[in-house]
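Data block below; observations after.
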Amino acid sequence: MIVVRIKGGLGNQMFQYAMARKLQLQLGIEQIGLDITSVNADELRNFELNHFCLYENAIVLESGSKNKILEIQQDFARRIVSYCIAGRPEQVAAKREKRLEKLFGLFGIVQKDHCEDNACTFGLKMHKNIYVNGWFQDAKVAESIRDALLRDFIEVKEAPEHIKITEQNMKETESVCVHIRRGDYVNHPRFGVCTEEYYYSAMRKIAEIVENPVFYIFSDSMDDVRKMKFDYPVIYDDISHTTYECIYLMSKCKHFVISNSTFSWWGQFLAKSKNKVVIAPNRWCNDFIRTNLYMDSWILIEV
(Lines give C-alpha, C1' and ligand atoms only; values in the text may rest on other atoms or scores of the structure.)
Protein backbone atom coordinates (compact mmCIF):
# COMPACT_ATOMS: atom_id res chain seq x y z
CA MET A 1 0.00 0.00 0.00
CA ILE A 2 1.04 3.59 -0.66
CA VAL A 3 0.00 5.75 2.29
CA VAL A 4 -0.02 9.51 1.78
CA ARG A 5 -0.37 12.01 4.61
CA ILE A 6 -3.24 14.39 3.78
CA LYS A 7 -2.92 17.96 5.09
CA GLY A 8 -3.83 21.54 4.21
CA GLY A 9 -6.78 22.77 2.17
CA LEU A 10 -8.45 21.07 -0.77
CA GLY A 11 -5.91 22.29 -3.35
CA ASN A 12 -3.04 20.85 -1.32
CA GLN A 13 -4.93 17.62 -0.68
CA MET A 14 -5.37 17.18 -4.43
CA PHE A 15 -1.63 17.55 -5.03
CA GLN A 16 -0.85 15.01 -2.31
CA TYR A 17 -3.33 12.59 -3.84
CA ALA A 18 -1.81 13.19 -7.29
CA MET A 19 1.65 12.25 -6.02
CA ALA A 20 0.35 9.06 -4.44
CA ARG A 21 -1.57 8.20 -7.63
CA LYS A 22 1.52 8.73 -9.77
CA LEU A 23 3.58 6.44 -7.53
CA GLN A 24 0.79 3.86 -7.57
CA LEU A 25 0.80 3.81 -11.37
CA GLN A 26 4.59 3.96 -11.64
CA LEU A 27 5.33 1.21 -9.11
CA GLY A 28 2.34 -1.01 -9.78
CA ILE A 29 1.16 -0.99 -6.16
CA GLU A 30 -2.54 -1.77 -6.00
CA GLN A 31 -3.81 0.23 -3.04
CA ILE A 32 -3.60 3.86 -1.89
CA GLY A 33 -4.27 4.82 1.73
CA LEU A 34 -5.26 8.38 2.58
CA ASP A 35 -3.97 9.13 6.09
CA ILE A 36 -6.30 11.86 7.35
CA THR A 37 -5.11 12.08 10.97
CA SER A 38 -3.30 15.40 10.34
CA VAL A 39 -6.16 17.14 8.56
CA ASN A 40 -8.61 15.86 11.16
CA ALA A 41 -6.54 17.64 13.80
CA ASP A 42 -6.55 20.90 11.82
CA GLU A 43 -9.19 23.28 13.19
CA LEU A 44 -9.25 25.33 9.96
CA ARG A 45 -9.33 22.54 7.34
CA ASN A 46 -11.41 19.49 6.57
CA PHE A 47 -10.76 16.32 4.61
CA GLU A 48 -12.52 16.97 1.29
CA LEU A 49 -11.19 14.42 -1.19
CA ASN A 50 -14.13 12.20 -0.22
CA HIS A 51 -16.34 14.40 -2.41
CA PHE A 52 -14.57 13.00 -5.50
CA CYS A 53 -14.82 9.51 -6.99
CA LEU A 54 -11.04 8.87 -6.70
CA TYR A 55 -9.16 5.69 -7.63
CA GLU A 56 -11.24 2.60 -6.91
CA ASN A 57 -8.59 1.16 -4.57
CA ALA A 58 -8.09 4.32 -2.53
CA ILE A 59 -9.18 4.00 1.09
CA VAL A 60 -9.36 6.45 3.98
CA LEU A 61 -7.19 5.62 7.00
CA GLU A 62 -8.11 6.88 10.42
CA SER A 63 -5.74 6.87 13.40
CA GLY A 64 -4.37 3.41 14.14
CA SER A 65 -5.56 1.83 10.88
CA LYS A 66 -2.13 1.54 9.20
CA ASN A 67 -0.17 -1.71 9.30
CA LYS A 68 2.92 -2.11 11.49
CA ILE A 69 5.44 -1.52 8.70
CA LEU A 70 3.84 1.76 7.70
CA GLU A 71 3.72 2.89 11.32
CA ILE A 72 7.47 2.20 11.61
CA GLN A 73 8.13 4.14 8.38
CA GLN A 74 6.07 7.08 9.60
CA ASP A 75 7.87 7.10 12.95
CA PHE A 76 11.28 6.91 11.26
CA ALA A 77 10.43 9.82 8.97
CA ARG A 78 9.17 11.88 11.90
CA ARG A 79 12.37 11.27 13.89
CA ILE A 80 14.73 12.15 11.02
CA VAL A 81 12.76 15.30 10.22
CA SER A 82 12.73 16.30 13.89
CA TYR A 83 16.48 15.76 14.39
CA CYS A 84 17.84 17.01 11.06
CA ILE A 85 15.33 19.30 9.32
CA ALA A 86 12.66 20.84 11.55
CA GLY A 87 13.29 24.30 12.96
CA ARG A 88 15.90 25.24 10.36
CA PRO A 89 15.52 28.19 7.96
CA GLU A 90 13.52 27.17 4.87
CA GLN A 91 16.49 27.02 2.48
CA VAL A 92 18.59 25.02 4.96
CA ALA A 93 15.70 22.63 5.58
CA ALA A 94 15.22 22.14 1.82
CA LYS A 95 18.90 21.31 1.28
CA ARG A 96 18.93 18.82 4.15
CA GLU A 97 15.75 17.18 2.93
CA LYS A 98 17.31 16.86 -0.54
CA ARG A 99 20.49 15.28 0.86
CA LEU A 100 18.49 12.75 2.86
CA GLU A 101 16.07 11.70 0.10
CA LYS A 102 17.96 8.47 -0.75
CA LEU A 103 18.08 7.50 2.91
CA PHE A 104 14.34 8.02 3.10
CA GLY A 105 13.93 5.99 -0.10
CA LEU A 106 15.84 3.03 1.34
CA PHE A 107 13.19 2.87 4.05
CA GLY A 108 10.30 3.22 1.57
CA ILE A 109 9.61 6.87 2.40
CA VAL A 110 9.03 9.92 0.20
CA GLN A 111 9.57 13.08 2.29
CA LYS A 112 9.06 16.50 0.61
CA ASP A 113 7.92 19.18 3.05
CA HIS A 114 10.59 21.70 2.02
CA CYS A 115 12.49 20.62 -1.09
CA GLU A 116 10.56 21.31 -4.32
CA ASP A 117 12.66 19.05 -6.58
CA ASN A 118 10.98 16.06 -8.17
CA ALA A 119 10.22 13.29 -5.70
CA CYS A 120 13.03 10.74 -5.63
CA THR A 121 11.98 7.12 -6.24
CA PHE A 122 15.34 5.65 -5.22
CA GLY A 123 14.83 2.44 -3.25
CA LEU A 124 11.04 2.47 -3.49
CA LYS A 125 10.82 -0.56 -5.77
CA MET A 126 12.13 -2.72 -2.93
CA HIS A 127 9.05 -1.95 -0.83
CA LYS A 128 5.45 -3.10 -0.90
CA ASN A 129 4.52 -0.41 1.63
CA ILE A 130 5.47 3.23 0.99
CA TYR A 131 4.87 6.23 3.22
CA VAL A 132 4.48 9.62 1.48
CA ASN A 133 4.61 13.01 3.20
CA GLY A 134 4.94 16.43 1.59
CA TRP A 135 3.18 19.15 -0.37
CA PHE A 136 4.11 17.97 -3.90
CA GLN A 137 3.02 21.16 -5.66
CA ASP A 138 4.36 20.13 -9.05
CA ALA A 139 2.62 20.70 -12.39
CA LYS A 140 4.62 17.96 -14.12
CA VAL A 141 3.40 15.32 -11.67
CA ALA A 142 -0.23 16.21 -12.37
CA GLU A 143 0.31 16.59 -16.13
CA SER A 144 1.95 13.18 -16.38
CA ILE A 145 -1.25 11.45 -15.14
CA ARG A 146 -3.80 14.01 -16.29
CA ASP A 147 -6.25 11.48 -17.77
CA ALA A 148 -6.32 9.49 -14.53
CA LEU A 149 -6.83 12.61 -12.42
CA LEU A 150 -9.66 13.86 -14.63
CA ARG A 151 -11.43 10.56 -13.97
CA ASP A 152 -10.60 10.52 -10.25
CA PHE A 153 -11.68 14.10 -9.58
CA ILE A 154 -15.27 13.68 -10.77
CA GLU A 155 -17.74 14.68 -8.06
CA VAL A 156 -19.54 11.88 -6.28
CA LYS A 157 -22.85 13.76 -6.07
CA GLU A 158 -24.71 15.26 -8.98
CA ALA A 159 -24.47 19.06 -9.07
CA PRO A 160 -27.47 21.03 -7.71
CA GLU A 161 -29.78 22.66 -10.24
CA HIS A 162 -28.48 26.23 -9.68
CA ILE A 163 -24.93 25.05 -10.39
CA LYS A 164 -26.08 23.29 -13.57
CA ILE A 165 -27.67 26.54 -14.77
CA THR A 166 -24.46 28.50 -14.15
CA GLU A 167 -22.44 25.74 -15.83
CA GLN A 168 -24.64 25.94 -18.93
CA ASN A 169 -24.20 29.72 -19.08
CA MET A 170 -20.44 29.24 -18.86
CA LYS A 171 -20.53 26.78 -21.76
CA GLU A 172 -22.50 29.18 -23.96
CA THR A 173 -20.16 32.17 -23.48
CA GLU A 174 -16.45 32.94 -23.42
CA SER A 175 -16.49 32.47 -19.66
CA VAL A 176 -13.46 33.55 -17.64
CA CYS A 177 -12.85 32.42 -14.09
CA VAL A 178 -11.21 35.16 -12.00
CA HIS A 179 -10.12 33.71 -8.66
CA ILE A 180 -9.20 36.39 -6.08
CA ARG A 181 -7.55 34.84 -3.06
CA ARG A 182 -7.64 37.02 0.04
CA GLY A 183 -8.43 35.63 3.50
CA ASP A 184 -5.19 34.54 5.15
CA TYR A 185 -3.17 35.93 2.19
CA VAL A 186 -3.88 39.57 3.08
CA ASN A 187 -0.60 41.10 4.32
CA HIS A 188 0.95 37.63 4.47
CA PRO A 189 4.76 38.06 4.39
CA ARG A 190 5.22 35.28 1.82
CA PHE A 191 1.95 34.78 -0.06
CA GLY A 192 0.53 38.32 -0.10
CA VAL A 193 1.49 38.76 -3.74
CA CYS A 194 -1.48 39.56 -6.01
CA THR A 195 -2.55 43.20 -5.96
CA GLU A 196 -5.80 44.61 -7.29
CA GLU A 197 -3.85 46.02 -10.24
CA TYR A 198 -2.71 42.50 -11.12
CA TYR A 199 -6.33 41.39 -11.57
CA TYR A 200 -7.23 44.50 -13.57
CA SER A 201 -4.22 43.99 -15.87
CA ALA A 202 -4.95 40.29 -16.26
CA MET A 203 -8.57 40.96 -17.22
CA ARG A 204 -7.46 43.54 -19.78
CA LYS A 205 -5.06 40.96 -21.23
CA ILE A 206 -7.84 38.40 -21.50
CA ALA A 207 -10.03 40.96 -23.29
CA GLU A 208 -7.25 41.47 -25.87
CA ILE A 209 -7.19 37.75 -26.65
CA VAL A 210 -10.76 36.55 -26.09
CA GLU A 211 -13.74 38.05 -27.90
CA ASN A 212 -16.62 39.11 -25.64
CA PRO A 213 -15.31 37.58 -22.40
CA VAL A 214 -17.71 37.07 -19.50
CA PHE A 215 -15.89 37.34 -16.17
CA TYR A 216 -16.99 35.16 -13.26
CA ILE A 217 -15.51 36.31 -9.95
CA PHE A 218 -14.67 33.70 -7.30
CA SER A 219 -13.25 34.71 -3.94
CA ASP A 220 -13.01 33.76 -0.27
CA SER A 221 -13.75 37.42 0.65
CA MET A 222 -16.54 38.50 -1.68
CA ASP A 223 -17.57 41.54 0.39
CA ASP A 224 -14.09 43.03 -0.07
CA VAL A 225 -13.95 42.05 -3.74
CA ARG A 226 -17.23 43.84 -4.46
CA LYS A 227 -15.46 47.09 -3.56
CA MET A 228 -12.99 46.62 -6.42
CA LYS A 229 -13.56 48.72 -9.55
CA PHE A 230 -13.46 46.36 -12.52
CA ASP A 231 -13.18 47.66 -16.09
CA TYR A 232 -15.67 45.07 -17.32
CA PRO A 233 -19.07 43.76 -16.23
CA VAL A 234 -18.63 40.82 -13.88
CA ILE A 235 -20.72 38.03 -12.40
CA TYR A 236 -20.06 37.38 -8.72
CA ASP A 237 -20.19 33.83 -7.41
CA ASP A 238 -21.74 34.99 -4.16
CA ILE A 239 -23.80 31.87 -3.46
CA SER A 240 -22.42 29.96 -0.49
CA HIS A 241 -20.81 27.04 -2.31
CA THR A 242 -18.66 24.41 -0.66
CA THR A 243 -15.00 24.37 -1.71
CA TYR A 244 -15.40 21.34 -3.97
CA GLU A 245 -18.51 22.87 -5.60
CA CYS A 246 -16.48 26.02 -6.18
CA ILE A 247 -13.64 24.12 -7.86
CA TYR A 248 -16.23 22.29 -9.95
CA LEU A 249 -17.75 25.56 -11.18
CA MET A 250 -14.36 27.18 -11.78
CA SER A 251 -13.31 24.23 -13.93
CA LYS A 252 -16.32 24.76 -16.21
CA CYS A 253 -15.01 28.16 -17.33
CA LYS A 254 -13.14 28.39 -20.63
CA HIS A 255 -10.38 30.79 -19.53
CA PHE A 256 -8.72 31.74 -16.27
CA VAL A 257 -7.18 34.55 -14.25
CA ILE A 258 -5.66 32.73 -11.31
CA SER A 259 -4.11 33.85 -8.04
CA ASN A 260 -1.04 32.32 -6.41
CA SER A 261 -3.20 29.58 -4.92
CA THR A 262 -3.35 25.82 -5.39
CA PHE A 263 -7.14 26.21 -5.35
CA SER A 264 -6.86 28.39 -8.49
CA TRP A 265 -4.39 25.97 -9.98
CA TRP A 266 -6.73 23.00 -9.84
CA GLY A 267 -9.62 24.99 -11.27
CA GLN A 268 -7.67 25.71 -14.44
CA PHE A 269 -6.07 22.24 -14.60
CA LEU A 270 -9.40 20.41 -14.53
CA ALA A 271 -10.90 22.63 -17.25
CA LYS A 272 -11.29 20.75 -20.53
CA SER A 273 -11.91 23.78 -22.75
CA LYS A 274 -9.95 24.02 -25.98
CA ASN A 275 -7.68 27.03 -26.60
CA LYS A 276 -7.73 27.80 -22.89
CA VAL A 277 -6.07 31.07 -21.88
CA VAL A 278 -4.58 31.15 -18.37
CA ILE A 279 -3.20 34.36 -16.85
CA ALA A 280 -1.04 33.95 -13.74
CA PRO A 281 1.12 36.16 -11.50
CA ASN A 282 4.79 36.24 -12.52
CA ARG A 283 5.84 35.24 -9.01
CA TRP A 284 4.13 32.88 -6.61
CA CYS A 285 5.75 34.06 -3.38
CA ASN A 286 7.35 37.23 -2.05
CA ASP A 287 10.66 35.42 -1.56
CA PHE A 288 10.92 34.99 -5.37
CA ILE A 289 11.67 31.27 -5.03
CA ARG A 290 10.63 29.66 -8.31
CA THR A 291 7.77 27.21 -7.92
CA ASN A 292 7.10 24.04 -9.90
CA LEU A 293 3.47 25.05 -10.38
CA TYR A 294 3.99 27.14 -13.52
CA MET A 295 2.83 25.64 -16.81
CA ASP A 296 4.37 26.44 -20.19
CA SER A 297 1.13 27.70 -21.74
CA TRP A 298 0.46 30.34 -19.06
CA ILE A 299 0.70 34.06 -19.72
CA LEU A 300 2.41 35.80 -16.80
CA ILE A 301 1.48 39.27 -15.55
CA GLU A 302 3.74 41.27 -13.28
CA VAL A 303 2.72 41.67 -9.64
Return yes if some donor-acceptor pair links the side-chain N/O of [X] with the main-chain N/O of [Y] below 3.5 Å, else return no.
X	Y	answer
Gln73	Gly108	yes
Ser251	Ala271	no
Gln13	Glu48	yes
Ser201	Tyr198	no
Gln16	Trp135	no
Trp266	Gly11	yes
Trp284	Leu293	no
Glu97	Ile85	no
His127	Leu106	yes
Asn292	Glu116	yes

Answer with yes or no whether the side chains of [Y] and [X] bring together a donor and an acceptor at under 3.5 Å.
X	Y	answer
Tyr131	Gln111	no
Gln268	Ser264	no
Glu90	His114	yes
Glu62	Asn40	yes
Ser259	Arg181	no

Check whether Phe104 forms a cation-pi arrangement with Lys102 (NZ or CZ under 6.0 Å from the six-membered ring centre, at most 45° off the ring normal).
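That pair does not qualify as a cation-pi contact.
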Both conditions, 6.0 Å and 45 degrees, for the charged tip of Arg226 above the ring of Tyr236: are they met here?
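Yes, cation above the ring, under 6.0 Å and within 45°.
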How far does [atom1] of [X] sit from [atom2] of [Y], to the nearest 0.5 angstrom?
X	Y	atom1	atom2	answer
Ile145	Arg151	CD1	CZ	9.5 Å
Cys194	Tyr199	SG	OH	4.0 Å
Leu103	Ile109	CG	CD1	8.0 Å
Lys98	Cys115	NZ	SG	5.5 Å
Tyr216	Leu249	OH	CG	9.5 Å
His241	Cys246	NE2	SG	7.5 Å

Salt bridge check, [Y] against [X]: does any charged N sit closer than 4.0 Å to a carboxylate O?
X	Y	value
Asp35	Lys7	no
Arg204	Glu197	yes
Glu167	Lys171	yes
Lys112	Glu101	yes
Arg79	Asp75	yes

With a 4.5 Å limit on heavy-atom distance, are the side chains of [X] and [Y] in contact?
X	Y	answer
Ile6	Val60	no
Tyr248	Ile163	yes
Glu174	His255	yes
Ile80	Leu100	yes
Tyr244	Phe52	yes
Ile2	Gln31	no
Asn133	Gln74	no
Lys254	Lys276	no

Give me the atom names and distance for the closest heavy-atom approach of [X] to [Y].
X	Y	result
Val141	Ala18	CG1-O, 4.1 Å
Pro213	Ile206	CB-CG2, 4.1 Å
Lys164	Ala159	CE-O, 3.2 Å
Asn282	Tyr294	C-OH, 3.3 Å
Leu70	Ile130	CD2-O, 3.7 Å

Apply ring-ring contact (aromatic ring centres under 6.0 Å, His included) to Tyr17 and Tyr55, showing your working.
CA-CA 10 Å; Tyr17 173 87; Tyr55 169 54; 8.0 Å; no
With clusters defined by side-chain heavy atoms of hydrophobic residues (ILVMFWY) lying less than 4.5 Å apart, directly or transitively, does [Y] cluster with [X]?
X	Y	answer
Ile72	Ile29	no
Ile239	Ile247	no
Ile154	Ile32	no
Leu34	Leu25	yes
Phe107	Met126	yes

Stepwise side chain to side chain contact (heavy atoms under 4.5 Å, CB included) test for Arg45 and Asn12
CA-CA 11 Å; Arg45 308 293 187 186; Asn12 284 313; over 6 Å; no
is_close_aromatic(Tyr232, Phe215), centroid dist under 6.0 Å:
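Yes, ring centres under 6.0 Å apart.
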Take a 6.0 Å sphere around CD of Glu158 and say whether it holds more than 12 heavy atoms from other residues, nucleotides or ligands.
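No.
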Lys125 atom NZ: more than 12 heavy-atom contacts under 6.0 Å
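Count not over threshold, so no.
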Does Phe263 have any ring-ring contact (aromatic ring centres under 6.0 Å, His included) partners at least two apart in sequence or in another chain, and if so, which?
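Result, ring-ring contact (aromatic ring centres under 6.0 Å, His included) vs Phe263: His179.
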Identify the residue among Lys22, Arg146, Arg21 that makes a salt bridge (charged side-chain N to carboxylate O under 4.0 Å, His left out) with Asp152.
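Result: among Lys22, Arg146, Arg21, Arg21 is the only option passing the salt bridge (charged side-chain N to carboxylate O under 4.0 Å, His left out) with Asp152.
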Relative to the ring of Phe269, is the ring of Trp265 parallel (under 30°), tilted (30 to 60°) or perpendicular (over 60°)?
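If you compare the ring of Trp265 with that of Phe269, the planes turn out parallel.
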